[in-house]
Amino acid sequence: MELLNEAERADALDGLPDWDHDDARDAITRSFTFDNFSQAFAFMTQVALLAEKANHHPEWSNVWNRVDILLTTHDAGGLSYRDIDMAQAIDALVE
Ligand SMILES: C[C@H](O)[C@H](O)[C@H]1CNC2=NC(N)=NC(=O)C2=N1
């Protein structure tokens, strides 16, 4: 998968209003807050299974009920459609 160009990136981000673009990393980020740690970890478990299925893994951190996710394609050195597809799949878990 190759890097998104400017137009592709702008278009993809339009479809992901809850995600921010990290210019320095050419990545997308979103924070999730849950009622408690168990809910947060259950979400992380679901994301982990998606990541394994897609062979596309997040850079993420968890503090109690909060999960911060960053998506970028290491093999491409920036944003690819693998990140966009993963973000859409993650959004579907909480929508
Ligand atoms: C060898 C393995 O298939 C690759 O390293 C996969 C694993 N998961 C990955 N995850 C992400 N975010 N980017 C990658 O380029 C990537 N590559």
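Positions are given from 1 along the sequence. Each ligand, and each atom within it, is numbered from 1 in the order the structure gives.
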List, ordered by chain and residue number, the protein residues whose closest non-hydrogen atom lies under 4.0 Å from any atom of ligand 1.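 The 4.0 Å shell around ligand 1 contains N55, H56, H57, T72, T73, H74, D75, R82.
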Indicate the atoms forming the closest heavy-atom contact of I84 with A12, along with that distance.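 Smallest heavy-atom distance, with atoms named: CD1-CB, 3.6 Å.
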Identify whether the distance between the nearest side-chain nitrogen and carboxylate oxygen of D11 and R9 falls below 4.0 Å.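 Salt bridge flag = no for R9 with D11.
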Please list every donor-acceptor pair under 3.5 Å in which a side-chain atom of residues 86-95 meets a protein atom from a residue at least two apart or in another chain.
{"unit_1": "D91", "atom_1": "OD1", "unit_2": "W19", "atom_2": "NE1", "d": "2.8"}
{"unit_1": "D91", "atom_1": "OD1", "unit_2": "R30", "atom_2": "NH1", "d": "2.6"}
{"unit_1": "D91", "atom_1": "OD2", "unit_2": "W19", "atom_2": "NE1", "d": "3.1"}

For S31 and D68, which I'm curious about, is there any donor-acceptor pair between the side chains at under 3.5 Å?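 Side chains of S31 and D68: pair found under 3.5 Å.
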In chain order, what residues pass the side chain to side chain contact (heavy atoms under 4.5 Å, CB included) check against D23, with sequence neighbours excluded?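 Result, side chain to side chain contact (heavy atoms under 4.5 Å, CB included) vs D23: H21.
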Sequence neighbours left out, what passes side chain to side chain donor-acceptor pair (under 3.5 Å) with E59? Give chain and number order.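 Testing E59 for side chain to side chain donor-acceptor pair (under 3.5 Å), a comparison that skips the adjacent residues, returns R25, H74.
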